[in-house]
Q: 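Quick one: the structure is below, and I'll ask about it shortly.
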There are 2 protein chains.
Amino acid sequence: MGTVLVRSANAVAEMRKKMAGVPPKETDPKLDALVREIIELVADKWTMLVLEALEEHGVVRFTRLGELVGGVSQKMLTKTVRQMERDGLVTRTVYPVIPPRVEYALTELGHSLGAAFCGVWIWAEEHGDEVMRAREAFGRVGAAK
Amino acid sequence: MGTVLVRSANAVAEMRKKMAGVPPKETDPKLDALVREIIELVADKWTMLVLEALEEHGVVRFTRLGELVGGVSQKMLTKTVRQMERDGLVTRTVYPVIPPRVEYALTELGHSLGAAFCGVWIWAEEHGDEVMRAREAFGRVGAAK
DNA sequence: CTGCATCCCAAAGGATACTG
DNA sequence: CAGTATCCTTTGGGATGCAG
């Protein structure tokens, strides 16, 4: 724990120089607030997994969706899917038959969000191992927790 | 809307290329597991906000970072930033001076993740209002809770 | 200034039982 | 099958105090 890691200040100074010439992104306050709201919307594990599952399998029933997501309780699946329905990401179609049949599918909005996340899936595919290695390397030093 | 972040076009084009060789909807189990791990990594509100803050402002100190993120407690900021450091997303540079000076910056890996999320920011910009409207419309009907 | 430690409350989330 | 309701454990996260 007490290990203070001091990285080369040179590298940081180098970074500063690089950044200096680049007015990176205009920090638009109202846009920022909007992005923030959306972040709080989708920054949820189950939401992302449901989104991915529906993106891949199209129209699925409740139980099937739970299987696809994996490791999710009925409670959380219901909650997540309701929230997504509320936000216009999925449609929930109830067939009043016995036994009940409820099908979930992405809306256009949902599909567009899935497409937006596509870049993240690709990142995961390409850099996932780097994260794992970084984590293990750090774990042997930090020893935190 | 037209004035979107410039880097977006490049990032998206880059991703299209990388996707070209990939069979679209194949459910690869090991790839899926990897994506799942990454999701659990980044599906966190503060992580995303810190990522965005560092992406926009470059190298910042601890307190400044807290201001940029906004509404985060010192405890959670420390925790989040430590986790990101552990995962190789940020560097933490400590200057052993008085008063202490600690600077945070994205690593290459962190920047690449930020670029991957760029598509999501754009989505938020384009479809954020739709979500808000869908939510309010649903609220008047659902009346749940 | 940075951030660890502690206490403490509120929210997230799992397990189970029950209903249409 | 697709939930709702209940209980209960775990985690998230704020407030405060203190150390380097």
Side-chain angles (χ1 to χ4, degrees), chain A residues 1-7 9 12 36 39-50 53-54 57 59-86 90-105 138 141-145, chain B residues 36 39-50 53-54 59-86 90-105 138 141-145:
Chain A
M1 274 237 296
T3 347
V4 180
L5 17 131
V6 181
R7 290 171 205 271
V12 175
R36 176 144 327 198
I39 286 180
E40 303 201 8
L41 220 201
V42 299
D44 175 66
K45 181 177 151 188
W46 299 129
T47 300
M48 288 193 189
L49 291 173
V50 166
L54 288 181
H57 296 84
V59 181
V60 294
R61 298 176 63 172
F62 184 81
T63 303
R64 174 65 178 150
L65 182 58
E67 292 169 2
L68 291 174
V69 170
V72 63
S73 63
Q74 319 80 323
K75 181 182 178 179
M76 288 315 296
L77 183 56
T78 299
K79 185 181 179 183
T80 300
V81 94
R82 280 288 143 79
Q83 189 174 249
M84 292 176 76
E85 183 191 7
R86 184 197 64 174
V90 305
T91 57
R92 175 171 172 271
T93 309
V94 180
Y95 297 88
V97 298
I98 297 175
R101 181 185 185 87
V102 181
E103 291 182 340
Y104 294 92
F138 190 87
V141 182
K145 233 169 215 173
Chain B
R36 175 144 327 196
I39 286 179
E40 303 199 9
L41 222 200
V42 299
D44 176 66
K45 180 179 154 188
W46 299 130
T47 300
M48 288 195 187
L49 291 173
V50 166
L54 288 180
V59 181
V60 295
R61 296 177 63 175
F62 184 81
T63 303
R64 174 66 178 146
L65 181 57
E67 293 168 2
L68 291 173
V69 170
V72 63
S73 66
Q74 178 272 327
K75 180 183 179 179
M76 288 314 296
L77 183 57
T78 299
K79 185 181 179 182
T80 301
V81 93
R82 278 292 141 75
Q83 187 175 254
M84 293 176 74
E85 183 192 6
R86 184 197 65 172
V90 305
T91 56
R92 176 172 172 268
T93 309
V94 179
Y95 297 90
V97 298
I98 297 177
R101 181 184 185 85
V102 181
E103 291 181 342
Y104 294 91
F138 189 86
V141 181
K145 201 175 260 190

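Each chain gets a letter, A, B and so on, in the order its sequence line appears, and its residues count up from 1.
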Q: Could you give the distance from CG (A:L41) to OG1 (A:T47), rounded to the nearest 0.5 Å?
A: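 Here the rounded value is 7.5 Å.
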Q: How many whole angstroms separate atom CG of A:L77 from atom P of C:dA15?
A: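 The distance from CG of A:L77 to P of C:dA15 comes to 14 Å, rounded to the nearest Å.
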Q: Supply the atom-to-atom distance B:I39 CD1 to A:L49 CG, rounded to the nearest 0.5 angstrom.
A: 4.5 Å
Q: Take atom OH of A:Y95 and atom C1' of C:dG20, then tell me their distance rounded to the nearest Å.
A: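 These atoms are roughly 19 Å apart.
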Q: Please write out the pairs of protein N or O atoms and N or O atoms of nucleotides 5-10 of chain D separated by less than 3.5 Å, giving the distance to one decimal.
A:
none

Q: Would you mind reading off the distance between B:D44 atom CG and C:dG13 atom P, rounded to a whole angstrom?
A: 11 Å
Q: Would you jot down, in residue-number order, the residues of residues 59-70 of chain A having a non-hydrogen atom under 4.0 Å from DNA chain C?
A: none
Q: Whether the side chain of B:Q74 and the base of C:dC1 hold a donor-acceptor pair under 3.5 Å is what I'd like checked.
A: no
Q: Are the side chains of B:R92 and B:V94 in contact, using a 4.5 Å heavy-atom criterion?
A: yes
Q: Nearest whole angstrom, please: distance from the P of C:dA11 to the CE of B:M76.
A: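 One finds 15 Å between P of C:dA11 and CE of B:M76, rounded.
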Q: To the nearest 0.5 angstrom, please state how far the CG atom of B:D44 sits from the NZ atom of A:K45.
A: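 That separation rounds to 12.0 Å.
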Q: Would you say a side-chain N or O of A:R82 is under 4.0 Å from OP1 or OP2 of D:dG3?
A: yes
Q: Taking only the side-chain nitrogens and oxygens of B:T78, find out if one of them lies under 4.0 Å from OP1 or OP2 of C:dG3.
A: no
Q: Would you mind reading off the distance between B:Q83 atom CD and C:dG3 atom P, rounded to a whole angstrom?
A: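 The answer, rounded to whole Å, is 16 Å.
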Q: Starting from P on C:dG14, measure out to CH2 on A:W46 and report it in whole angstrom.
A: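 After rounding, the gap between these two atoms is 6 Å.
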Q: Is the closest side-chain heavy-atom distance between A:E85 and A:T91 below 4.5 Å?
A: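 No; the side chains remain at least 4.5 Å from each other.
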Q: Find out whether A:V102 and A:R61 are in side-chain contact, i.e. whether some heavy atom of one side chain is under 4.5 Å from a heavy atom of the other.
A: no
Q: State, with a plain yes or no, whether a side-chain heavy atom of A:E103 is found less than 4.5 Å away from one of A:R101.
A: yes
Q: With no hydrogens and no angle check, just 3.5 Å: does a side-chain donor-acceptor pair link B:T78 and B:Q74?
A: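 Yes - a donor-acceptor pair under 3.5 Å links their side chains.
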Q: Would you indicate, yes or no, if D:dC1 has its OP1 or OP2 atom less than 4.0 angstrom from a side-chain nitrogen or oxygen of A:Y104?
A: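 No, A:Y104 has no side-chain N/O under 4.0 Å of OP1/OP2 on D:dC1.
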Q: Under 4.5 Å between any side-chain heavy atoms of A:Y104 and A:V81, yes or no?
A: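 A:Y104 vs A:V81: side chains touch.
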Q: Roughly, in whole Å, what's the span from CD1 in B:I98 to P in D:dA19?
A: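 Interatomic distance, CD1 of B:I98 to P of D:dA19: 16 Å.
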